[in-house]
Amino acid sequence: MDKIVYNRFEKPLNKTQLIEAINQLKKEKNAVIMAHYYQMGDIQDIADNVGDSLALAQWAAKTEADIIVLCGVHFMGETAKILSPSKKVLIPDLNAGCSLADSCPADAFEAFTKAHPDHTVISYVNTTAAVKALTDVVVTSTNAKKIVDSFPKDAKLIFGPDRNLGNYINSVTGRTMLLWDGACHVHEQFSVEKLVKLKSENPDAFILAHPECKQTVLIMADFIGSTQALLNYATASDKQSFIVATESGILHEMQKQNPNKAFIPVPPNDSTCACNECNFMRLNTLQKLYDCLKNETPEILIDAELREKAVKPILRMLELS
Ligand code: 13P
Ligand code: SF4
């Protein structure tokens, strides 16, 4: 194993110094920092762009920066690299995976699609590049309904990997898409009992939920949408308090845009924690962001042949969005 050699002249930087150094490196290297709403507040605050999965893909496709630092999880870095192959794409922690993407191994998904050769394959963006390469069109939670609606009513469709999002899209489009049986460990974990208790304690609060949540949570929601849609809804609404069933990182921007409104996170099952965080998303820190910009590693690299197959369904999504 390689030894980690620390430069004994380099003192650890405090938060203010880290922020200054990251901004300096960003300028010197013509880099752009993109962050998902589930990142910790410090990272959202220093990012040039903060958005949902669709926005991250759209920004990555058109950026003029030489380096993209994607503060999110691995599949988001892959999507950015697939869309901008000539750019250097970095992520602060290579271990930032996704339980939903992991719930859909490419070989098993390929066998599933081959068993239904007359079906069009729709995949959520939370998948590996290898799964995207087996896909006809990619969707995110922002555009899934619109893209599914663009197919004829009698089209035979496979939807993977999120069974909760798939069930929800089936219910709002009147489809019977075949679903892959995958899920996100964060969104599956919301406690219905704690949600009921929160609602009884805050009867005027509106319940906002991400469609990756289980049906038992979704049936209680007043509004269901992607992280961006939930944020837009809360900002436009004249309601003053919201109970939020998605990863609690989104509360940072909700509170920032709506300082006078109250946002209450829904806790997970089997935990004393008040909010539900994605342990993968939270691997990224300001220190790792600084290290990654400084050392230009870890870098996302994708085999050219795989990239050629995976880019087609993503571009189709961007055209249909
Ligand atoms: P959106 O960013 O599309 O709302 O999806 C949430 C998510 O699970 C990202 O990992
Ligand atoms: Fe994946 Fe769920 Fe984490 Fe999003 S919140 S990155 S879907 S594990």
Side-chain angles (χ1 to χ4, degrees), residues 34-40 43-44 47 49-60 70-80 91-105 122-128 131-132 138-148 159-166 168-169 180-190 208-214 217-218 221 223-234 244-254 265-266 268 273 275-284 314 317-318 321:
M34 299 181 186
H36 190 269
Y37 286 127
Y38 295 165
Q39 292 295 286
M40 59 176 75
I43 291 189
Q44 293 190 46
N49 306 112
V50 186
D52 69 355
S53 307
L54 176 62
L56 293 174
Q58 287 167 327
W59 291 323
L70 205 306
C71 297
V73 292
H74 193 269
F75 77 80
M76 294 175 176
E78 268 191 348
T79 305
I91 61 170
D93 192 321
L94 214 44
N95 294 316
C98 168
S99 57
L100 179 51
D102 289 347
S103 71
C104 188
I122 302 177
S123 292
Y124 195 29
V125 70
N126 299 40
T127 43
T128 59
V131 167
K132 290 187 176 77
V138 168
V139 298
T140 73
S141 46
T142 290
N143 57 27
K145 180 179 181 304
K146 185 175 177 190
I147 292 178
V148 169
F159 186 93
D162 191 297
R163 60 173 174 258
N164 295 320
L165 178 64
Y168 171 69
I169 298 295
W180 182 260
D181 193 17
C184 154
H185 73 298
V186 178
H187 288 87
E188 284 257 301
Q189 273 296 311
F190 287 111
L208 306 177
H210 196 281
E212 286 176 28
C213 295
K214 285 189 291 194
V217 168
L218 295 183
F223 180 76
I224 298 168
S226 65
T227 45
Q228 186 64 57
L230 300 182
L231 173 64
N232 294 349
Y233 187 90
V244 185
T246 191
E247 210 270 4
S248 54
I250 187 66
L251 269 69
H252 182 72
E253 189 60 27
M254 284 177 166
V266 182
C273 297
C275 47
N276 202 1
E277 292 182 349
C278 172
N279 49 330
F280 297 114
M281 286 278 182
R282 303 306 175 116
L283 284 175
N284 297 328
I314 306 177
M317 167 186 81
L318 294 180
S321 291

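Position 1 is the first residue of the sequence, and the numbers go up from there. Every number for a ligand or one of its atoms is a count from 1 in the order of the listing.
Ligand-side atoms of ligand 1 in range of T227: 1 (P), 2 (O), 4 (O), range being under 4.0 angstrom from any heavy atom. The distance from ligand 1 to the heavy atoms of M76 drops below 4.0 Å at these ligand atoms: 9 (C), 10 (O). Counting atoms of ligand 2 from 1 in the listed order, those under 4.0 Å from a heavy atom of V73 are 6 (S). Within ligand 2, the atoms closer than 4.0 Å to a non-hydrogen atom of H185 are 8 (S), numbered from 1 in the order shown. Ligand 1 places these atoms under 4.0 Å from at least one heavy atom of Y124: 5 (O). In summary, the atoms of ligand 2 found under 4.0 Å from a heavy atom of E212, numbered by their order in the structure, are 7 (S). Each of the atoms 4 (O) of ligand 1 lies under 4.0 Å from some heavy atom of S226.
Panel note: side chain W180, backbone G166; no donor-acceptor pair is recorded below 3.5 Å. Remark: the backbone N or O of H185 is paired with a side-chain donor or acceptor of S99 at under 3.5 angstrom. A side-chain donor-acceptor contact under 3.5 Å links E247 to the backbone of C278. Judged by distance alone, the side chain of K132 and the main-chain N or O of V125 form a donor-acceptor pair under 3.5 Å. A donor-acceptor pair under 3.5 Å is absent between the side-chain atoms of N276 and the main chain of P268, judged by distance alone.
For F280, the closest heavy-atom approach to ligand 1 does not fall below 4.0 Å. Distances shorter than 4.0 angstrom occur between a heavy atom of H36 and an atom of ligand 1. The closest approach between Y38 and ligand 1 falls below 4.0 Å for a heavy atom of the residue. Within the structure, the closest approach of C184 to ligand 1 does not fall below 4.0 Å when heavy atoms are considered.
Protein heavy atom closest to atom 8 (O) of ligand 1, with residue, atom name and distance, is E212 OE2, 2.8 Å. Distance from atom 3 (O) of ligand 1 to its nearest protein heavy atom, with residue and atom name: S141 OG, 2.8 Å. With hydrogens left out, the protein atom closest to atom 10 (O) of ligand 1 is N126 ND2, 3.3 Å, a heavy atom. Scanning the protein for heavy atoms near atom 2 (Fe) of ligand 2, the closest one is C184 SG, 2.3 Å. Shortest contact from atom 7 (S) of ligand 2 to any protein heavy atom: N126 ND2, 3.1 Å. Among protein heavy atoms, the minimum distance from atom 1 (Fe) of ligand 2 is reached at C98 SG, 2.4 Å. Taking atom 8 (S) of ligand 2 as the reference point, the nearest protein heavy-atom neighbour is S99 OG, 3.3 Å. The protein heavy-atom contact nearest to atom 3 (Fe) of ligand 2 is C278 SG, 2.4 Å.
At least one N or O atom of H210 sits closer than 3.5 Å to an N or O atom of ligand 1. Considering backbone and side-chain atoms alike, S53 places an N or O below 3.5 Å from some N or O of ligand 1.
When the options L54, L318, V138 are evaluated for a side chain to side chain contact (heavy atoms under 4.5 Å, CB included) with N143, the one that passes is L54.
For E188 and R163, the salt-bridge test passes: some basic side-chain N is under 4.0 Å from an acidic carboxylate O.
By the 4.5 Å heavy-atom criterion applied to side chains, C71 and I91 are not counted as neighbours. No side-chain heavy atom of N284 sits under 4.5 Å from any side-chain heavy atom of M40. No side-chain heavy atom of V244 sits less than 4.5 Å from a side-chain heavy atom of V266.
A parallel orientation is assigned to the rings of Y233 and F223, their planes being inclined by less than 30° (bins at 30° and 60°).
Of the N and O atoms on the side chains of H210 and S226, not one donor lies less than 3.5 Å from an acceptor on the other residue. Side-chain atoms of Y38 and S248 form no donor-acceptor pair, as typed in the model, at a separation below 3.5 Å.
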